[in-house]
Trainee: 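Pasting in a structure now, in structure tokens, and then I'll have a few things to ask.
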Amino acid sequence: MRIPPRFVQVIAVAALPLALAACSPGSSDSAAPTEKPQAKNLNAGLMTGTQLKKALAPASVFPSNLSAVSDGFSDSGDEFASPAVRDTVKPDCTKFENTTWLDVSGFKGGVSFAQGEYANADETEEMVQEIDVFQGRTADSVMRQIRAAAGACATFTDLNDHSKVQLSGSTTAGLGDDAFTMTMTSGHWENGTTLVAARVGNAVVTVTSTAGKDNGAANAAKLAGHVVDSLKNAGAKG
């Protein structure tokens with residue numbers, strides 16, 4: 001193999017001190033450079049997408065008239081993604097209406113995730129569950145930003161029919177390490193939507209529900225509670 005000239009020079013320069021050291025009296029191994037410590041693995045102990053997928057609620061948790069949406073399931077597998085930088089611009093309130101709405105916080109997602117969606121035949125009722133895992137204390141920041149976005153989006157305009165949407169939220173006690181529940185309603189909708197965000201250690205669970213005549217509230221609480229318990233039983237890192 002032909003070695004490029006740049007590497008020949010490096011090898012020659014590196015070999016010279018070794019030759020001098022071999023000829024110098026009193027040289028010893030104590031002069032050898034010490035190895036640099038390896039960088040800390042910030043993903044150590046975090047759950048992968050494959051593991052998170054097992055923590056998602058099964059079909060039995062959902063109302064009997066809802067079934068799994070064929071393209072509504074995905075996860076990050078066994079690999080971790082690089083942590084994304086938070087978007088610090090003013091929250092886009094219409095993102096609360098998205099199937100997955102975590103990015104209203106400015107965070108596009110965690111280093112690992114899993115999600116699943118259930119809906120009735122005509123998709124007038126749906127329920128979505130998502131789990132995102134973050135490094136360090138980022139999950140705390142995600143929860144703070146969700147609350148801030150909810151406060152900034154008390155009233156906003158729906159993109160589809162340009163109707164006014166009202167959003168209200170409150171802290172939910174007894175659900176994970178921290179939880180916040182929101183309700184969206186509009187005079188143009190037959191039923192409202194309930195959103196739940198709950199933190200379990202480094203994981204943030206986000207739930208959407210329009211199933212049920214109570215703005216989806218009971219089914220959202222049931223789904224969020226099941227996923228939170230699953231994460232606790234799986235030993236989610238705190």
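We number each residue from 1, following the sequence as shown.
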Trainee: Answer yes if Leu56 and Leu46 sit in the same cluster of Ile, Leu, Val, Met, Phe, Trp and Tyr residues linked by side chain heavy atoms under 4.5 Å apart, and no otherwise.
Mentor: yes
Trainee: Do Glu190 and Thr124 touch side chain to side chain, with heavy atoms closer than 4.5 Å?
Mentor: no
Trainee: Please step through side chain to side chain contact (heavy atoms under 4.5 Å, CB included) for the pair Asn191 and Glu125, ending with a clear verdict.
Mentor: CA-CA 9 Å; Asn191 193 34; Glu125 291 188 340; 5.5 Å; no
Trainee: Between Thr172 and Val196, is there a side-chain heavy-atom distance shorter than 4.5 Å?
Mentor: no
Trainee: Membership question, hydrophobic clusters at under 4.5 Å side-chain separation (ILVMFWY): are Val128 and Phe180 in the same one?
Mentor: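 In one cluster: no.
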Trainee: At what distance, to the nearest 0.5 angstrom, does OG1 of Thr155 lie from CG of Leu167?
Mentor: 9.0 Å
Trainee: Compute whether any side-chain donor of one residue and acceptor of the other, for Thr138 and Arg86, lie under 3.5 angstrom apart.
Mentor: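 No, because no side-chain N or O of Thr138 sits under 3.5 Å from a partner of the opposite role on Arg86.
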Trainee: Please report whether the ring centroid of Phe73 lies less than 6.0 Å from that of Tyr118.
Mentor: yes
Trainee: Side chains of residues 205-213: which donor-acceptor partners sit under 3.5 Å, not counting sequence neighbours?
Mentor:
residue: Thr208; atom: OG1; partner: Trp101; partner atom: NE1; Å: 2.9
residue: Ser209; atom: OG; partner: Ala211; partner atom: N; Å: 3.3
residue: Ser209; atom: OG; partner: Gly216; partner atom: O; Å: 3.0
residue: Thr210; atom: OG1; partner: Glu126; partner atom: N; Å: 2.9
residue: Thr210; atom: OG1; partner: Glu126; partner atom: O; Å: 3.4

Trainee: My understanding is that only one of Asp140, Asp178, Asp132 makes a salt bridge (charged side-chain N to carboxylate O under 4.0 Å, His left out) with Arg199; could you say which?
Mentor: Asp140
Trainee: Using distance alone, with no hydrogens and no angle criterion, decide if Gln135 and Asn43 have a side-chain donor and acceptor under 3.5 Å apart.
Mentor: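 Per modelled atom types, Gln135 and Asn43 side chains form a pair under 3.5 Å.
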Trainee: Is any side-chain heavy atom of Phe156 closer than 4.5 Å to one of Met184?
Mentor: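 Met184 vs Phe156: side chains touch.
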Trainee: Within the 4.5 Å heavy-atom criterion, are Phe107 and Ser141 side-chain neighbours or not?
Mentor: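 Yes. Closest side-chain heavy atoms under 4.5 Å.
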Trainee: Counting neighbours of CD on Gln166 that are heavy atoms of other residues, nucleotides or ligands and sit closer than 6.0 Å, is the number greater than 12?
Mentor: yes
Trainee: Give a yes or no on whether the backbone of Gly106 and the side-chain of Gln145 come within a donor-acceptor separation of less than 3.5 Å.
Mentor: no
Trainee: Going from CG on Asp87 to NZ on Lys108, what distance comes out if it is rounded to the nearest 0.5 angstrom?
Mentor: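 Output value for this atom pair is 6.0 Å.
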Trainee: Identify whether Met143 and Met182 are in the same connected component of the hydrophobic contact network (ILVMFWY, side-chain heavy atoms under 4.5 Å).
Mentor: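 Hydrophobic grouping puts Met143 with Met182.
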Trainee: Just to verify, which of Thr100, Val69, Leu66 counts as forming a side-chain contact (heavy atoms from CB on, under 4.5 Å) with Glu117?
Mentor: Val69
Trainee: Side chains of Ser74 and Phe113: does their closest heavy-atom pair fall under 4.5 Å?
Mentor: yes
Trainee: Backbone N or O of Lys164 within a donor-acceptor pair of the Thr157 side chain at under 3.5 Å?
Mentor: no
Trainee: Could you tell me which non-hydrogen atom of Ala179 sits nearest to which non-hydrogen atom of Leu175, and how far apart they are?
Mentor: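 So the minimum-distance heavy-atom pair works out to CB-O, 3.4 Å.
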Trainee: Where do Ala55 and Ser230 come nearest, in terms of heavy atoms and distance?
Mentor: O-CB, 3.3 Å
Trainee: Could you tell me the separation between the OG atom of Ser186 and the CG atom of Asp158, rounded to the nearest 0.5 Å?
Mentor: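 One finds 6.5 Å between OG of Ser186 and CG of Asp158.
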Trainee: Would you say that Phe80 contacts Val133 through its side chain, given a criterion of any heavy-atom pair below 4.5 Å between the two side chains?
Mentor: no
Trainee: Output yes when a side-chain donor or acceptor of Asn202 lies under 3.5 Å from a complementary backbone atom of Phe134, and no otherwise.
Mentor: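 Pair found, side chain donor or acceptor close to backbone of Phe134.
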Trainee: Please say yes or no: joined through hydrophobic side-chain contacts below 4.5 Å, possibly via intermediate residues, are Leu195 and Met127 part of one cluster?
Mentor: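 No, it is not one cluster - the side chains of Leu195 and Met127 are not joined through contacts under 4.5 Å.
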Trainee: Kindly indicate, with the supporting measurements, whether the criterion side chain to side chain contact (heavy atoms under 4.5 Å, CB included) is fulfilled by Thr193 and Phe96.
Mentor: CA-CA 10 Å; Thr193 304; Phe96 275 116; over 6 Å; no
Trainee: Would you say the side chains of Asn215 and Thr194 form a donor-acceptor pair under 3.5 Å?
Mentor: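 No.
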Trainee: What are the two closest non-hydrogen atoms of Asp177 and Gly201, and how far apart are they?
Mentor: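 What the structure gives for the nearest pair is OD2-N, 2.6 Å.
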Trainee: With a 3.5 Å distance limit and no angle check, can you tell me whether Asn120 reaches the backbone of Asn65 through a side-chain donor-acceptor pair?
Mentor: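 Here the side-chain-to-backbone pair does not exist.
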Trainee: Where do Val200 and Gly176 come nearest, in terms of heavy atoms and distance?
Mentor: CG2-CA, 4.4 Å
Trainee: For the residue pair Val61 and Asn219, establish whether any side-chain heavy-atom pair is separated by less than 4.5 Å.
Mentor: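 Sidechains of Asn219 and Val61: no contact.
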Trainee: Scan for side-chain hydrogen bond (donor to acceptor under 3.5 Å, both in side chains) pairs involving residues 88-97, sequence neighbours excluded, and state none if there are none.
Mentor: Asp92-Thr94
Trainee: Which atoms form the tightest heavy-atom contact between Thr48 and Gly77, and what is the distance?
Mentor: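 The answer is CB-O, 3.5 Å.
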Trainee: Indicate yes or no for a side-chain donor-acceptor contact from Asp75 to the backbone of Ala114 under 3.5 Å, with no hydrogens or angles considered.
Mentor: no
Trainee: Do the side chain of Ser105 and the main chain of Ile146 share a donor and acceptor less than 3.5 angstrom apart?
Mentor: no
Trainee: A side-chain contact here means heavy atoms from C-beta on lying under 4.5 Å apart; do Phe62 and Gln129 qualify?
Mentor: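 Answer yes - side chains close enough.
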Trainee: Check for me, please, whether Val228 and Leu102 land in the same ILVMFWY cluster - side-chain distances under 4.5 Å, paths through other members count.
Mentor: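 Not linked; separate clusters.
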